[in-house]
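First up is the structure itself, then whatever we jot down about it.
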Amino acid sequence: MSTNEQGKRPSGRLAPQTRAATTQQLPRQSGSGQGTGGTGNRNSAPGRAPSGARPAGARPRVGRSAPRRVKLTVSRVDPWSVMKISFLISVALGIAGVILMAVIWTLLSGMGVFADVNGIVHDLTQGETNPSTFDLMDYIGFGRVVSLSVVIGVIDIILLTAIATLGAFLYNICASLVGGLQMTLSDD
């Protein structure tokens, strides 16, 4: 590594071109020995570009005029990673579904909807000779609703994981035939 004129090693581990480009961006301070001329100029060392010129191979610095755009192609999706991600997402959806059903049942019970439906059914069957002893809670009690939503959640986990993994395999086959999904990304 080269030394500067004071005999000290340069700080940092930047390449010479990067170091030169970095020092060009910093404002110069008067009285610090880093003026435009004299012996304290860091860019005046042998093998370095003059302070006004760019190092060889460096791109000119353009201000924030236009966002950079990159065109990418998704040519392959790993089925194992798709299976893991879809499993986690479907487990989260299953848990959210069970909690949602419990909250909805509690709200409907608190508003008296189930008691009103029981009253309507009792009024409709009152004129019969053999009145029925129908109770809606025998069919849609809290335990049954939560148990049914857990069963539906487990089936949902299995189906969503399998469908997403199968979709990844099908995407890989289609991408090998037609080239994949093309995306344009920009850094706005």
Original post:
Under a single-linkage definition using a 4.5 Å side-chain heavy-atom cutoff for Ile, Leu, Val, Met, Phe, Trp and Tyr, are Phe142 and Leu107 assigned to the same hydrophobic cluster?
Top reply: no

Original post:
Same cluster or not: are Val151 and Val98 linked, directly or through other Ile, Leu, Val, Met, Phe, Trp or Tyr residues, by side-chain heavy atoms under 4.5 angstrom apart?
Top reply: no

**OP:** Enumerate the residue pairs fulfilling side chain to side chain donor-acceptor pair (under 3.5 Å) with a member in residues 74-88, sequence neighbours excluded, ordered by first and then second residue.
**Re:** none

Original post:
Under the criterion side chain to side chain contact (heavy atoms under 4.5 Å, CB included), which of Ile158, Ile95, Leu160, Val154 is the partner of Ser90?
Top reply: Leu160

**OP:** Check whether Phe87 and Leu166 end up in the same hydrophobic cluster, where Ile, Leu, Val, Met, Phe, Trp and Tyr are linked by side-chain heavy atoms less than 4.5 Å apart.
**Re:** no

**OP:** Mind checking the SG-CG spacing from Cys174 to Leu181? Nearest 0.5 Å is all I need.
**Re:** 11.5 Å

**OP:** Tell me, with the steps shown, if Val82 and Tyr171 meet side chain to side chain contact (heavy atoms under 4.5 Å, CB included).
**Re:** CA-CA 11 Å; Val82 169; Tyr171 177 81; over 6 Å; no

Table please: side-chain donor-acceptor pairs of residues 112-119 below 3.5 Å, with sequence neighbours left out.
from: Asn118; atom 1: OD1; to: Leu136; atom 2: N; distance (Å): 2.7
from: Asn118; atom 1: ND2; to: Asp135; atom 2: OD1; distance (Å): 2.9

Original post:
Does the side chain to side chain contact (heavy atoms under 4.5 Å, CB included) test come out yes or no for Leu72 and Leu185, once each step is laid out?
Top reply: CA-CA 8 Å; Leu72 299 173; Leu185 302 175; 3.4 Å; yes

Original post:
So which pairs with a foot in residues 140-159 pass side chain to side chain donor-acceptor pair (under 3.5 Å), sequence neighbours left out?
Top reply: none

**OP:** Please answer: with hydrophobic residues joined when any side-chain heavy atoms are less than 4.5 Å apart, are Ile104 and Val150 in the same cluster?
**Re:** yes

Original post:
Linking I/L/V/M/F/W/Y whenever any side-chain heavy atoms sit under 4.5 Å apart, do Leu108 and Leu100 land together?
Top reply: yes

Subject >> Check: Trp105 side chain, Ile140 main-chain N or O, donor-acceptor pair, under 3.5 Å >> reply: yes

**OP:** Using the side chain to side chain contact (heavy atoms under 4.5 Å, CB included) rule, pick out the option among Ile157, Thr161, Ile155 that qualifies with Leu159.
**Re:** Ile155

**OP:** Heavy atoms only: give me the nearest Gly179-Thr73 pair and the separation to one decimal.
**Re:** O-CG2, 3.1 Å

Subject >> Expected output: side-chain Ser176 to main-chain Ile173 donor-acceptor under 3.5 Å >> reply: yes

Original post:
For the atom pair CZ (Arg69) and CG (Asp187), what is the distance rounded to the nearest 0.5 Å?
Top reply: 10.0 Å

Subject >> From CG (Leu177) to CG (Asn172), nearest 0.5 Å >> reply: 11.0 Å

